[in-house]
J.: 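One structure, pasted below without further comment.
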Amino acid sequence: MKTSWRAASLVATAATVLALTTACGQDDSTTPASAARNAGATVAAGDDGNPGGGTAIGAGNGNGNGNGNGNGYGNGYGADGTQGTTAPVTPAGKLAVVSNPELGKVLTDGSGLTLYRFDKDTAEPPKSACSGDCATTWPPVPADDATAGAGVDPALLGEVTRADGSKQLTIGGRPAYRYAKDVNAGDVNGQGVGGTWFALAPTGKKAEPSGLPGLSVRKDPRLGEIVVDREGMTVYRFMKDEAWPKSVSHCAGACLRKWPAVAPVAADDTEGVKKKGLMPFTRADGTRQMTVNCRPVYTFSGDKAPGDTNGQGVGGTWYAVSPDGKPAGAPGE
């Protein structure tokens, strides 16, 4: 009799695990929040967001303190002491804003590489204190072709003339740099190096988190309770997406630039959001995206500040998300 009871108990436990891991037709294995991230939006805010081809920007490593040791590496700048020839100057391109799970909103260049600021520089007037080996480890971002993407105020873009006569991009007066050890889009290995190097926020200040959970709920005066991300930005769902038998996003390419996918969030990093069906899934392009009640969720490039709901009702297919995953304020809801 005891053996039969133990066997039945094991079967019940296995069934419970299977039910948890097959919700939405995928597993809910933990994925670093930086494995999927918001892409910089470039499409005009009035478009209807019809899906198109394309691939989301690559994954980052989400390392909040990177190589932030007190004295950097061999040469004191955060890279080894052996320096090769100066790397070719890479254009800045269209700047973008991405969400990093530890640092909040971070400014990147057109290739998705993180931009940094140096505490020994000055903003008024703009002046760089990084040259020689320092400028090899922390290549200055050229100002020539830099343009403002979604979420970047063009008025904050400027330039400073370096000692060699080249023009370096400034953000809010602060000279901007890349880091030699950032290889992939989204890397933040330069964060905190030497206690003087920090990722740039879109304002030119140091990037820092808002203090909110990855997903939480706020009361909107018009829509009631809606889900927001860790920056307080409204979270939306696309009525053309699928939740069953598995989560499928029908927003890609230009659509995804306008409606950036919300990166995976751990269930214990949420507050007020229904836990059932709260998990990430793998998009067709291989990146990971969060779902609420198995529905893929997004932010909107036309929302500029926490509390904005400019994406509500766009094209009759985009709606803010209620805590249970339903479309807030949609017809019939």
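All values below come from the heavy atoms of this structure, side chains included, with hydrogens, waters and symmetry mates left out.
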J.: Once you round to the nearest 0.5 Å, how far does NZ of Lys304 lie from CG of Asp153?
T.: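 So the gap between those two atoms works out to 10.0 Å.
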J.: So how far is it from Arg295 CZ to Lys326 NZ, rounded to the nearest 0.5 Å?
T.: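 Reported value, rounded in 0.5 Å steps: 11.5 Å.
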J.: For side chain to side chain contact (heavy atoms under 4.5 Å, CB included), just list the numbers for Gln191 and Val193, CA-CA rounded to whole Å, side-chain angles, deciding distance to a tenth of an Å, and then say yes or no.
T.: CA-CA 6 Å; Gln191 176 67 12; Val193 167; over 6 Å; no
J.: With distance as the sole criterion, is a donor-acceptor pair present between the side chains of Asp229 and Tyr298 under 3.5 Å?
T.: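 Asp229 vs Tyr298: no donor-acceptor pair found between side chains.
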J.: State plainly whether one hydrophobic cluster holds both Phe198 and Val141, where clusters connect Ile, Leu, Val, Met, Phe, Trp and Tyr through side-chain heavy atoms under 4.5 angstrom apart.
T.: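 Different hydrophobic clusters.
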J.: Provide the closest heavy-atom pair for Leu223 versus Ala320 in the form atom of the first, atom of the second, distance.
T.: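 Reported closest heavy-atom pair: CD1-CB, 4.0 Å.
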J.: Indicate whether the side chain of Asp187 and that of Tyr179 have a donor and an acceptor atom separated by less than 3.5 Å.
T.: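 No, no side-chain donor-acceptor pair sits under 3.5 Å.
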J.: Closer than 3.5 angstrom, by distance alone: can the side chain of Asp182 be matched with the main-chain N or O of Asn189 as a donor-acceptor pair?
T.: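 Indeed, once roles are kept as given, a pair shorter than 3.5 Å links the two residues.
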J.: Closer than 4.0 angstrom, basic N to acidic O: yes or no for Asp324 and Lys276?
T.: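 Lys276 and Asp324: not salt-bridged.
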J.: Using the side-chain hydrogen bond (donor to acceptor under 3.5 Å, both in side chains) rule, collect all pairs that involve residues 154-165, keeping only residues at least two apart or in two chains.
T.: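 Sorted pair list: Ser128-Arg162, Thr161-Lys167, Arg162-Gln168, Asp164-Ser166.
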J.: Run the numbers on Lys206 and Asp119 for salt bridge (Lys or Arg N to Asp or Glu O under 4.0 Å), then give the verdict.
T.: CA-CA 10 Å; Lys206 298 176 185 178; Asp119 276 358; 3.2 Å; yes
J.: Take atom NZ of Lys120 as the centre, draw a 6.0 Å sphere, and report whether it contains more than 12 heavy atoms from other residues, nucleotides or ligands.
T.: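 No, because the 6.0 Å sphere around NZ of Lys120 holds 12 heavy atoms or fewer from other groups.
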J.: Show the numbers, then the answer: is there a side chain to side chain contact (heavy atoms under 4.5 Å, CB included) between Thr309 and Ile226?
T.: CA-CA 10 Å; Thr309 55; Ile226 59 175; 4.1 Å; yes
J.: Would you compute the distance between atom CG of Leu169 and atom CG of Leu95 and round it to the nearest 0.5 angstrom?
T.: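 If I round to the nearest 0.5 Å, the distance is 6.0 Å.
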J.: With a 3.5 Å distance limit and no angle check, can you tell me whether Ser322 reaches the backbone of Gly325 through a side-chain donor-acceptor pair?
T.: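 Judged by distance alone, no pair lies under 3.5 Å.
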J.: Before we go on, tell me: are the rings of Phe118 and Trp138 under 6.0 Å apart, centre to centre?
T.: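 They do not qualify: ring centres at least 6.0 Å apart.
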J.: Heavy-atom distance under 4.5 Å between the side chains of Gln312 and Asn310, does that happen here?
T.: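 A side-chain contact under 4.5 Å is absent here.
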J.: With a 4.5 Å cut-off on side-chain heavy atoms, are Leu157 and Ile171 touching?
T.: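 Of all side-chain heavy-atom pairs linking Leu157 with Ile171, at least one is under 4.5 Å.
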J.: Is any side-chain heavy atom of Thr291 less than 4.5 Å from a side-chain heavy atom of Asn293?
T.: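 Counting from C-beta outward, Thr291 and Asn293 never come under 4.5 Å.
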J.: Are Trp197 and Leu103 linked, directly or through intermediate hydrophobic residues, by side-chain heavy-atom contacts shorter than 4.5 Å (ILVMFWY only)?
T.: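 Yes, Leu103 connects to Trp197 through the hydrophobic network.
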J.: Between Phe300 and Tyr236, what is the ring plane arrangement, given parallel below 30°, perpendicular above 60°, and tilted in between?
T.: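 Perpendicular.
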J.: What are the two closest heavy atoms between Asp121 and Cys130, and how far apart are they?
T.: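 What the structure gives for the nearest pair is OD1-N, 4.1 Å.
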J.: Looking at Val217 and Gly272, what are the two nearest heavy atoms and their distance?
T.: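 Where Val217 meets Gly272 most closely, the heavy atoms are CG2-O, 3.4 Å.
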J.: Rounded to the nearest 0.5 Å, what separates atom NZ in Lys240 from atom SG in Cys255?
T.: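 So the NZ of Lys240 and the SG of Cys255 are separated by 9.0 Å.
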J.: With sequence neighbours excluded, tell me which residues meet salt bridge (Lys or Arg N to Asp or Glu O under 4.0 Å) with Arg178.
T.: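 Counting only residues at least two positions away or on another chain, Arg178 forms a salt bridge (Lys or Arg N to Asp or Glu O under 4.0 Å) with Asp109.
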J.: So does Tyr319 get a backbone contact from the side chain of Arg237, meaning a donor-acceptor N/O pair under 3.5 Å?
T.: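 Side chain of Arg237 to backbone of Tyr319, a donor-acceptor pair under 3.5 Å: no, none is there.
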J.: Can you check whether Thr108 reaches Leu113 side chain to side chain, under 4.5 Å on heavy atoms?
T.: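 Contact flag for Thr108/Leu113 side chains = no.
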J.: Determine whether Glu231 and Lys105 satisfy the following criterion, side chain to side chain contact (heavy atoms under 4.5 Å, CB included), listing intermediate values before the conclusion.
T.: CA-CA 8 Å; Glu231 301 302 322; Lys105 292 194 178 298; 3.8 Å; yes
J.: Begin with the C-alpha distance, continue with both residues' side-chain angles, and end with the deciding distance and a verdict on side chain to side chain contact (heavy atoms under 4.5 Å, CB included) for Cys294 and Trp244.
T.: CA-CA 8 Å; Cys294 299; Trp244 304 100; 3.8 Å; yes
J.: Does the side chain of Thr270 pick up a donor-acceptor pair with the side chain of Lys275 at under 3.5 Å?
T.: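 Distance-only check passes for Thr270 and Lys275.
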J.: Return the minimal non-hydrogen interatomic distance between Arg218 and Gly307, and the atom names on each side.
T.: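 Closest approach of Arg218 to Gly307, heavy atoms only: NH2-O, 3.0 Å.
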J.: Of Leu278, Val321, Val228, which meets side chain to side chain contact (heavy atoms under 4.5 Å, CB included) against Leu215?
T.: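 Testing Leu215 for a side chain to side chain contact (heavy atoms under 4.5 Å, CB included) against Leu278, Val321, Val228 leaves exactly one candidate, Leu278.
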J.: Do any N or O atoms from the side chain of Ser249 and from the backbone of Cys251 form a donor-acceptor pair under 3.5 angstrom?
T.: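 Yes: the side chain of Ser249 pairs with the backbone of Cys251.
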J.: Centres of the Phe238 and Trp318 rings: under 6.0 Å?
T.: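 Distance test on ring centres: under 6.0 Å, yes.
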J.: Identify the heavy atoms of Pro139 and Ala180 that sit nearest to each other, and give their distance.
T.: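 For Pro139 and Ala180, the tightest heavy-atom pair comes out as CD-N, 4.2 Å.
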J.: Please give me the minimum heavy-atom distance between Ala199 and Val106, naming the atom from each residue.
T.: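 Looking at all heavy atoms of both residues, the shortest contact is CB-CG1, 4.1 Å.
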J.: For the atom pair CG (Leu200) and CG (Leu115), what is the distance rounded to the nearest 0.5 Å?
T.: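 Spacing of CG (Leu200) from CG (Leu115) equals 6.0 Å.
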J.: In Å and rounded to the nearest 0.5 Å, what is the CD to CG distance from Glu271 to Asp269?
T.: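 If we round to the nearest 0.5 Å, Glu271:CD and Asp269:CG are 10.0 Å apart.
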J.: Determine whether Val297 and Met233 fall in the same hydrophobic cluster, where Ile, Leu, Val, Met, Phe, Trp and Tyr are linked whenever their side-chain heavy atoms lie under 4.5 Å apart.
T.: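 Different clusters: Val297 never reaches Met233 through Ile, Leu, Val, Met, Phe, Trp or Tyr contacts under 4.5 Å.
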J.: State, yes or no, whether a side-chain contact exists between Glu242 and Ser247 at a heavy-atom distance under 4.5 Å.
T.: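 Of all side-chain heavy-atom pairs linking Ser247 with Glu242, none is under 4.5 Å.
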